[in-house]
Amino acid sequence: MIMDIIKSVFKNFQTFLVVWVVVLIANQLLIFGGCMKSYCILSALPHTAIISMIIVHFVINEKKE
């Protein structure tokens with residue numbers, strides 16, 4: 001399952017980056033109270049990347065079926 005997610009992210013890397021930026025901005029606005037300082041963004045990068053990977057994987061799988 002994890003390898004499938006990683007493979008689908010690499011195949012659709014541009015889509016992943018767009019989704020990651022959207023998720024990151026939404027995260028900063030909704031969870032971190034609009035903090036756009038470097039230490040706030042750095043703390044949000046790991047979990048927003050994982051969330052974006054999961055979103056891209058399931059959206060791409062839905063389109064295939």
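Side-chain contact between Phe16 and Ser8 is absent, with no heavy-atom pair separated by less than 4.5 Å. Here the side chains of His57 and Val9 are not in contact, with every heavy-atom distance at 4.5 Å or above.
Atoms CD1 and CD1, from Ile50 and Ile5 in turn, are 10.0 Å apart once rounded to the nearest 0.5 Å. Rounded to the nearest 0.5 angstrom, Phe32 CZ and Lys37 NZ are separated by 14.0 Å.
Qualifying side chain to side chain contact (heavy atoms under 4.5 Å, CB included) partners for Phe58, counting only residues two or more places apart in sequence or in other chains: Met1, Ile54. Residues satisfying the side-chain hydrogen bond (donor to acceptor under 3.5 Å, both in side chains) criterion with Ser52, sequence neighbours excluded, are absent altogether.
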Do any side-chain atoms of residues 17-28 form donor-acceptor pairs under 3.5 angstrom with protein atoms, and if so which ones, sequence neighbours left out?
residue : atom : partner : partner atom : Å
Trp20   : NE1  : Thr48   : OG1          : 2.9
Asn27   : OD1  : His47   : NE2          : 3.4
Gln28   : NE2  : Cys35   : O            : 2.5

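By the criterion of side-chain heavy atoms lying less than 4.5 angstrom apart, applied directly or through intervening Ile, Leu, Val, Met, Phe, Trp or Tyr residues, Ile2 is grouped together with Phe10 in one hydrophobic cluster. Residues Leu45 and Ile31 are members of separate hydrophobic clusters, defined by side-chain heavy-atom contacts under 4.5 angstrom among Ile, Leu, Val, Met, Phe, Trp and Tyr.
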